Amino acid sequence: MLSIVVPALDEEENLVPLFDELAPILDDLGLPWELLFVDDGSRDETWSRVLQLGERDPRVRGLRLSRNFGHQYALLAGISRARGEAVVTMDADLQHPPRIVPQLVEEWRKGNRVVHTVRLHSQDESVFKRLTSRLFYSVFSFLSGSRLESGMADFRLLDRQAADGLLAFREEGLFLRGIVQWMGFPSSKVEFEARPRHTGNTSYSLGRMIKLMWAGVSSFSLVPLRLAVVLGLLTSLFAIEQGFEAIYRKVVLDVTVPGWTQTMV
Ligand code: UDP
Ligand code: MG
């Protein structure tokens, strides 16, 4: 069985179009499949859409999180409940084109345990987004020593072994892209052209992107920690040197006003 895991936050207008596009493609694969929506604390009608779809087609399942946990945790929750021999994760807003799924399955059938996707940069993407995304991937790769490719998306196939491997992690500040790469299963990649969001707005603000970046860098690299230690040492050395200098000025040169030396030291 193939599981498709779709995290959704306030995607009421997107679930039915996604299902309508995805279901015939999945049927053509000739595999049993399930479509598992993870409602990540939506405040709109997302959950009732999931229930409606579930009535229309019993292969649709839903998982409703108690509150909003964020994209990465919603993905993990979905993967933990997926029953398939392979699990494909994709976004609910149709930015990840359903017609790529058969290519992922084909790569899986060739024996790959992980099939990544790489987003080709689309024209309608802002220059700012493109630059920051490039910057992030190169900084991350440099700091962590792992090869994250620019444009790697949370649209991928994990086979059962890779999914179970992922679930064995008890990470805070989850950065799935990094973990999947770190596990190192035989993998391949498929390129895709991202489409514009079907409806609604992105929930990844600049602030959230920076948070995700920091989660990625701080959990995969010792460089920030080492940098803090070195900076701390340098600051201490400077302070000690200044302390000695203050004493020298008082005792040897005798050029200070009363109290200054004590305060400085
Ligand atoms: N999402 C989620 N929880 C969140 C934020 C986003 O489950 O807290 C889902 C969202 O519904 C979508 C996917 O994660 O299916 C990617 O989010 P979005 O499209 O906002 O990000 P972008 O594609 O702009 O990076
Ligand atoms: Mg999106």
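Keep in mind it's a predicted model, so treat the numbers as computed, not measured. Numbering of ligands and ligand atoms starts at 1, following listing order.
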Exercise. Going by atom types alone, do Asn14 and Asp93 pair a side-chain donor with an acceptor below 3.5 Å?
Worked result: no
For this session: Starting from atom 5 (C) of ligand 1, locate the nearest protein heavy atom and write down its residue, its atom name and how far away it is, to 0.1 Å.
Result: Ser203 OG, 3.1 Å
Problem set entry | For Ala92, the ligand 1 atoms whose distance to one of its heavy atoms is below 4.0 Å | 15 (O)
Exercise. At a 4.0 Å threshold, what atoms of ligand 1 neighbour a non-hydrogen atom of Glu11?
Worked result: 10 (C), 11 (O), 12 (C), 15 (O)
Problem set entry | Result of checking Thr199, Asp44, Val50 against Glu12 for side chain to side chain contact (heavy atoms under 4.5 Å, CB included) | Asp44
Problem set entry | Any donor-acceptor N or O pair under 3.5 Å, side chains Arg113, Gln161 | yes
Exercise. Do the ring planes of Trp33 and Phe19 sit parallel (below 30°), tilted (30 to 60°) or perpendicular (above 60°)?
Worked result: tilted
For this session: Looking only at protein heavy atoms, identify the closest one to atom 21 (O) of ligand 1 and say how far it is in Å.
Result: Tyr204 CD1, 3.2 Å
For this session: Specify the protein heavy atom at minimum distance from atom 23 (O) of ligand 1: its residue, its atom name, and the distance to 0.1 Å.
Result: Gln95 OE1, 2.7 Å
For this session: Return a yes/no value for Thr202: is any of its N or O atoms, backbone included, closer than 3.5 angstrom to an N or O of ligand 1?
Result: yes
Exercise. Parallel, tilted or perpendicular: which describes the rings of Phe155 and His96, with under 30° parallel and over 60° perpendicular?
Worked result: parallel
Exercise. Just which atoms of ligand 1 are under 4.0 Å from any heavy atom in Asn68?
Worked result: 3 (N), 4 (C), 8 (O)
Seminar exercise, completed: For Leu15 and Leu53 the tightest heavy-atom approach is O-CD1, 3.9 Å
Exercise. Where on Asp40 is there a heavy atom closer than 4.0 Å to ligand 1, on the side chain, on the backbone, on both, or on neither?
Worked result: side chain
Exercise. Once you round to the nearest 0.5 Å, how far does CG of Asp39 lie from CZ of Arg64?
Worked result: 6.0 Å
Exercise. Among all protein non-hydrogen atoms, which one is nearest to atom 1 (N) of ligand 1, and what is the separation to 0.1 Å?
Worked result: Leu9 CB, 3.9 Å
Exercise. Does Arg67 count as lying over the ring of Phe69, i.e. NZ or CZ under 6.0 Å from the six-ring centre, within 45 degrees of the axis?
Worked result: yes
Seminar exercise, completed: of all protein heavy atoms, closest to atom 16 (C) of ligand 1 is Asp91 OD2, 3.3 Å
Seminar exercise, completed: For Asp154, the salt bridge (Lys or Arg N to Asp or Glu O under 4.0 Å) test, sequence neighbours excluded, returns Arg156, Arg177
Exercise. Can you list the ligand 1 atoms lying under 4.0 Å from a non-hydrogen atom of Asp93?
Worked result: 19 (O), 23 (O)
Exercise. What atoms of ligand 1 come closer than 4.0 angstrom to any heavy atom of Ala8?
Worked result: 7 (O), 11 (O)
For this session: Enumerate the protein N/O/S atoms at a distance below 2.8 Å from the Mg ion (ligand 2), ignoring waters.
Result: Asp93 OD2, Gln95 OE1
Exercise. Among the heavy atoms of Arg208, does any lie under 4.0 Å from an atom of ligand 1?
Worked result: yes
Seminar exercise, completed: Per side chain to side chain contact (heavy atoms under 4.5 Å, CB included), Val5 is matched among Leu35, Val88, Val87 by Val87
Exercise. Ser188 and Asn112: side-chain donor and acceptor closer than 3.5 Å?
Worked result: yes
Exercise. Between the side chains of Thr46 and Glu11, does any donor sit under 3.5 Å from an acceptor?
Worked result: no
Exercise. Identify the closest protein heavy atom to atom 9 (C) of ligand 1: which residue and atom is it, and at what distance?
Worked result: Pro7 O, 3.7 Å
Exercise. Looking only at non-hydrogen atoms, which of Met209, His71, Arg197, His198 approaches atom 18 (P) of ligand 1 most closely?
Worked result: Arg197
For this session: Begin with the C-alpha distance, continue with both residues' side-chain angles, and end with the deciding distance and a verdict on salt bridge (charged side-chain N to carboxylate O under 4.0 Å, His left out) for Arg195 and Glu21.
Result: CA-CA 14 Å; Arg195 301 195 296 199; Glu21 198 175 329; 3.3 Å; yes
Problem set entry | Qualifying residue, where the test is side chain to side chain contact (heavy atoms under 4.5 Å, CB included) with Phe37 and the options are Leu63, Leu51, Leu18, Ile4 | Leu18
Problem set entry | Test of proximity, Ala74 against ligand 1: N or O pairs below 3.5 Å | no
